[in-house]
2 protein chains.
Amino acid sequence: MNNAMNDTATEYRTPDGAPTDIVIFTITSRERLSRKKSLPIRELKVLLIERGKWPFANQWALPGGFATETETIHECAKRELREETGVEGIHIEYFNVYSSMGRDPRGWMISHAFFALVNEAYLSNRKAADDAAGVKLVPVSEALEMPLAFDHNRIIRDALEHIRLKMLTTTIAKQFLPKEFTMSELYQVIETVVPDFVEKNFIRKITSTQSRKGILEVVKDAYGNSKGSNRYSQRSAQLYRFTEYQPQLSIYS
Amino acid sequence: MNNAMNDTATEYRTPDGAPTDIVIFTITSRERLSRKKSLPIRELKVLLIERGKWPFANQWALPGGFATETETIHECAKRELREETGVEGIHIEYFNVYSSMGRDPRGWMISHAFFALVNEAYLSNRKAADDAAGVKLVPVSEALEMPLAFDHNRIIRDALEHIRLKMLTTTIAKQFLPKEFTMSELYQVIETVVPDFVEKNFIRKITSTQSRKGILEVVKDAYGNSKGSNRYSQRSAQLYRFTEYQPQLSIYS
DNA sequence: TCAATAGTGTCTATCAGACATTATGCT
DNA sequence: AGCATAATGTCTGATAGACACTATTGA
């Protein structure tokens, strides 16, 4: 049995670096021009930075940077996320490694790709400062069409596929929402990430279906009265929040 | 914005190697002693090799090896799998990276972990040759208790968590089954990987539930008669096979 | 006949999905 | 009143889950 692990590593050429790339997703929302009280237009965007140096100078790329030997890949990603957006404690998740030959003209680079989900509110203050510094939020559909540095188009495509799956099978939607939200906000967030999501009786299912009602809970005020919001409509809508509960999905049951 | 990606990589210390580790799962089945025609005892096992050299000489470890610059990490894993088990075209999937400091006394090693699901039949011929060469199949529960090399206990634990989730949400069960199988075989495989899986009306659900009946199809012979097997019972059981269909799971519908 | 597995009948509460209808409250 | 959003009523057929029951056939 020929097992390279039994040999010393020094016989081999070693990688020239272990960078991380982070696909930072956010959902922006803006009021519709026509009316004040109506559901906002939401858009899924990804944060890109403009490269200053070779390679791919002046091209747009994903934020990221090289890992050092004193940190794990995950710690590196968290650090880069903090440096790029100034936020911490945000949902960040590893999803794939990119290592094809020639993906980086600087040498043999094994890149570790993460995605992060950031609430628009966290980025808003940061945004003004970044406008001057070659940082922008781009609608995902546009980003996929741009000529990005390295294999970053591919990485964004893969990340998008991941968060679409996760949006439907986990409660990551909460990353894009305030703590308390209305059903139509939740529905819009899901729709924004997964465009072909259609669920006619959405409210009913969540609220009156035995097996699913554990996901959300009604928000009540100090007196036990249920709390509503009329941000988007005249009639106020019930506010909900996510619980800790994550349903077990199975194709066999 | 301090972005390391804009600097040249050569300013930094580089990793000493990019190994892959592969958690090769298989399900062994053996006849119950008491009776010939009865459901076999199935066990989830993982393939371990005995290390010959420093570090962790004579300790058991996951198979794997160093990637070279001319192959991707995924290609490396496939190659190692082929070298260890002699099989190709098997389900192999990347699931995490391990990079904590000091995980490998040889230096800064960023290890990429895969799991592979191999049908017992593929390994059986190989097994005799390997017995002499420090290769063995160990029940997963035992492997987790053994003092394995590196952080391989952790890697196996993570891999197990992954395949448990995948067993219930995808059709990877087919990797452990022959092309045509009975319901009780399928049920046993699921049970073996996910011990607390209980589904009383299993057969009925798969066969008569609109939304799920696309997963499996009844096997028919050349004359269109449905085909059965009486390997495990006197009364012959209907044979099924997986279709290409994978149901979409969602917590919201 | 028994043992071991395979498969069906039947019942109830719940759910999915469609569609119509009503509620709220600002302009 | 008109409007946009929120929420409920009502119907049909499908499903989940439980449990009892019948079927098959080698030893």
Side-chain angles (χ1 to χ4, degrees), chain A residues 29 31-42 168 180-189 191 197-216 218-219 225-240 247-253, chain B residues 29 31-42 168 180-189 191 197-216 218-219 225-240 247-253:
Chain A
S29 58
E31 279 182 2
R32 264 190 276 172
L33 297 170
S34 52
R35 320 201 118 267
K36 286 260 166 64
K37 293 221 173 178
S38 61
L39 292 169
I41 295 170
R42 294 181 196 267
L168 296 180
E180 305 179 350
F181 50 86
T182 66
M183 279 295 170
S184 50
E185 285 183 290
L186 172 57
Y187 191 87
Q188 271 205 312
V189 164
E191 237 184 345
F197 179 78
V198 176
E199 200 60 54
K200 297 231 164 144
N201 288 11
F202 186 69
I203 304 178
R204 159 122 353 114
K205 269 197 184 168
I206 303 289
T207 54
S208 73
T209 303
Q210 200 72 317
S211 61
R212 236 170 326 244
K213 66 166 62 160
I215 301 170
L216 299 179
V218 168
V219 178
N225 303 315
S226 65
K227 225 171 117 190
S229 153
N230 60 347
R231 208 175 344 166
Y232 304 123
S233 63
Q234 318 302 357
R235 175 171 179 177
S236 88
Q238 177 62 52
L239 286 172
Y240 292 87
Q248 298 296 320
L249 294 173
S250 164
I251 62 173
Y252 302 112
S253 55
Chain B
S29 57
E31 280 182 1
R32 263 190 276 172
L33 297 169
S34 53
R35 324 202 114 266
K36 286 263 167 63
K37 293 222 171 176
S38 62
L39 292 168
I41 296 169
R42 294 181 196 266
L168 295 180
E180 306 179 348
F181 51 86
T182 66
M183 281 295 171
S184 51
E185 283 183 291
L186 172 57
Y187 190 87
Q188 270 204 312
V189 163
E191 235 185 348
F197 179 77
V198 175
E199 202 59 54
K200 297 230 164 148
N201 287 11
F202 186 69
I203 302 177
R204 160 131 340 122
K205 269 197 183 167
I206 304 290
T207 55
S208 72
T209 304
Q210 199 73 317
S211 62
R212 238 171 323 244
K213 66 166 60 160
I215 301 170
L216 299 180
V218 168
V219 179
N225 303 315
S226 65
K227 225 170 116 190
S229 152
N230 60 344
R231 210 177 339 168
Y232 305 121
S233 63
Q234 318 302 0
R235 176 171 178 176
S236 88
Q238 177 63 52
L239 285 172
Y240 292 86
Q248 298 296 321
L249 293 173
S250 164
I251 63 173
Y252 301 112
S253 56

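Atom set for the values below is all heavy atoms of this structure, side chains included, hydrogens, waters and symmetry mates excluded. Just so it is clear: chains get the letters A, B, ... in the order the sequence lines come, proteins before strands, and each one is counted from 1. This is a predicted model, so every value here is computed, not measured.
One can place OH of A:Y187 at 12 Å from P of D:dA6, the figure rounded to the nearest angstrom. Whole-Å rounding puts the B:Y240 OH to C:dA6 P distance at 11 Å. Rounded to an integer number of Å, the gap from A:Q188 CD to D:dT5 P is 9 Å. Between B:L186 atom CG and C:dG7 atom P the separation is 13 Å, expressed in whole Å. The distance from atom OH of A:Y232 to atom C1' of C:dC26 is 18 Å, rounded to the nearest whole Å. Nucleotide C:dT27 holds its P atom 11 Å from the CG atom of A:N230, rounded to whole Å. Separating the NZ atom of B:K205 from the P atom of C:dA6 is a distance of 19 Å, rounded to the nearest angstrom. What separates CD of B:Q234 from C1' of C:dT1 is a distance of 13 Å, to the nearest Å.
Sequence order on DNA chain C of the closest nucleotides to B:S233 and B:R204 puts B:S233 first from the 5' end. When each of A:L39 and B:K200 is assigned the nucleotide of DNA chain D bearing its nearest heavy atom, the one mapping closer to the 5' terminus is A:L39.
The OG1 atom of A:T182 lies 10.0 Å from the CD atom of A:Q238; values are rounded to the nearest 0.5 Å. Note that NZ of A:K205 is 12.0 Å distant from NZ of A:K200, once rounded to the nearest 0.5 Å.
The shortest non-hydrogen separation linking B:E180 to B:E185 is O-OE1, 4.5 Å. For A:L249 against B:S250, the heavy-atom pair with the smallest separation is CD2-O, 3.8 Å.
Here A:E185 lies out of heavy-atom contact (under 4.0 Å) with every strand.
Closest contact between the side chain of B:E199 and the listed nucleotides D:dG17, D:dA6, C:dA6 involves D:dG17. Comparing atom distances between the A:R235 side chain and each of D:dA7, C:dG9, D:dT8 picks out D:dA7 as nearest.
Residues B:Y232 and B:P40 form a side-chain contact, since some pair of their non-hydrogen atoms from C-beta on lies under 4.5 Å apart.
A:S184 has a side-chain polar atom (N or O) that falls below the 4.0 Å cut-off from OP1 or OP2 of D:dA6. Considering only side-chain N and O atoms, B:T209 lies nowhere under 4.0 angstrom from the phosphate OP1 or OP2 of D:dA14.
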